[in-house]
Amino acid sequence: MIGSCPFVYWDVEVEWEREIIYYIRFKPRKTGASGLVPLPVRLFLAGKRTDIQGCVSDVLLNSGAYAHIYERVVSIPYGETASYGLIARDLATSPRLVGLAMKRNPTPLVIPCHRVVGKNGIGGFSPDIRIKEELLALEKRIKKTGRKDE
DNA sequence: CAGTGTTCAGGAT
DNA sequence: ATCCTGAACACTG
């Protein structure tokens, strides 16, 4: 199945099968059509603290050179962050490879690459750094109050 | 080989 | 304090 729903200035396009999400990408808003994505994604983007990690595809976690990196990133709790360098040290790899793995991440949100930041600075995010800023701000807000506003 | 969503040390302003 | 470099990192196309 494939569908999309809006988030701030973008459309979030999701590709999934049963409970598992295989692909997510952000595109400039065009349609504005909503609702055609799995419920956890809708809730998450609406600012609800939900277990979106349950939708992760296990082939990403079990195969390929980035598997252990993705596995580590999935374990970062809601509202918290870890640096490229910290993750690299944990896994005995290099910070640049962590960055590369994040750039190639097929399922942002599910594998929360927005929670991986630079040691001093936010780091990168494609296609638009503002997406990362919005997501981090959102999680920070919810983490504190448990609600979307205030 | 060049390139990557980094990080660190060293040195100059 | 900030602003350059340059190099090492592990892996990919």
Side-chain angles (χ1 to χ4, degrees), chain A residues 2-17 19-32 34 36-38 40-144 148:
Chain A
I2 183 166
S4 75
C5 73
F7 175 69
V8 198
Y9 314 117
W10 306 275
D11 275 333
V12 184
E13 194 172 290
V14 184
E15 213 171 314
W16 77 99
E17 207 60 53
E19 304 301 314
I20 304 306
I21 292 173
Y22 294 97
Y23 213 74
I24 291 187
R25 73 199 124 188
F26 292 83
K27 306 165 68 174
R29 169 96 50 86
K30 284 195 179 134
T31 64
S34 84
L36 302 173
V37 302
V41 175
R42 277 209 306 282
L43 294 176
F44 182 88
L45 292 176
K48 260 235 160 205
R49 181 170 182 162
T50 74
D51 178 27
I52 195 174
Q53 272 72 5
C55 302
V56 70
S57 125
D58 51 346
V59 319
L60 283 181
L61 269 39
N62 294 328
S63 66
Y66 306 138
H68 58 304
I69 299 180
Y70 291 146
E71 197 171 8
R72 173 70 175 79
V73 171
V74 164
S75 78
I76 304 173
Y78 191 101
E80 295 182 23
T81 60
S83 73
Y84 300 95
L86 174 66
I87 292 173
R89 279 199 303 280
D90 283 358
L91 303 176
T93 183
S94 83
R96 310 200 69 163
L97 191 67
V98 175
L100 194 56
M102 294 309 100
K103 184 176 184 180
R104 305 253 168 97
N105 177 12
T107 59
L109 304 185
V110 179
I111 293 171
C113 56
H114 59 280
R115 296 184 192 142
V116 183
V117 299
K119 186 191 180 189
N120 39 10
I122 188 172
F125 196 92
S126 35
D128 191 335
I129 189 61
R130 284 145 66 209
I131 300 171
K132 190 173 186 175
E133 292 167 353
E134 292 284 349
L135 290 171
L136 289 174
L138 175 71
E139 294 197 358
K140 201 170 189 177
R141 220 150 57 221
I142 308 303
K143 186 192 180 189
K144 188 166 184 183
K148 188 178 178 179

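The chains referred to below are lettered A, B, ... by the order of the sequence lines, with proteins before strands, and numbering in each begins at 1.
For the pair A/Ile69 CD1 and C/dC9 C1', the computed distance is 12 Å after rounding to whole Å. The distance between atom NE2 of A/His68 and atom P of C/dC11, rounded to the nearest whole Å, is 7 Å. Distance CG (A/Asn120) to P (C/dT2): 10 Å, rounded to an integer number of Å. Atom OH in A/Tyr66 sits roughly 14 Å away from atom C1' in C/dC9 (whole-Å rounding).
Interface residues of residues 93-101 of chain A facing DNA chain B, ordered by number: A/Pro95, A/Arg96, A/Gly99, A/Leu100; criterion, heavy-atom separation under 4.0 Å.
Between A/Tyr84 and A/Val116, the closest side-chain pair of non-hydrogen atoms falls below 4.5 Å. Here the side chains of A/Asp128 and A/Phe26 are not in contact, with every heavy-atom distance at 4.5 Å or above.
Smallest separation of non-hydrogen atoms from A/Phe7 and A/Val12: CB-CG2, 3.8 Å. Closest heavy-atom contact between A/Asp11 and A/Pro6: OD1-CA, 3.7 Å. Closest approach of A/Val73 and A/Met102 over heavy atoms only: CG2-CE, 3.7 Å.
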Validation: residues 88-100 of chain A side-chain donor-acceptor distances under 3.5 Å, sequence neighbours left out:
{"residue": "A/Asp90", "atom": "OD2", "partner": "A/Arg72", "partner atom": "NE", "Å": "3.0"}
{"residue": "A/Asp90", "atom": "OD2", "partner": "A/Arg72", "partner atom": "NH2", "Å": "2.9"}
{"residue": "A/Ser94", "atom": "OG", "partner": "A/Leu97", "partner atom": "N", "Å": "3.2"}

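Of all nucleotides present, none satisfies the Watson-Crick or G-U wobble test against C/dC9 with each distance under 3.5 Å.
Distances shown here put a side-chain N or O of A/Lys119 below 4.0 Å from the OP1 or OP2 atom of B/dC8.
At a threshold of 4.0 angstrom between heavy atoms, the contacts of A/Gly123 with the nucleic acid are absent.
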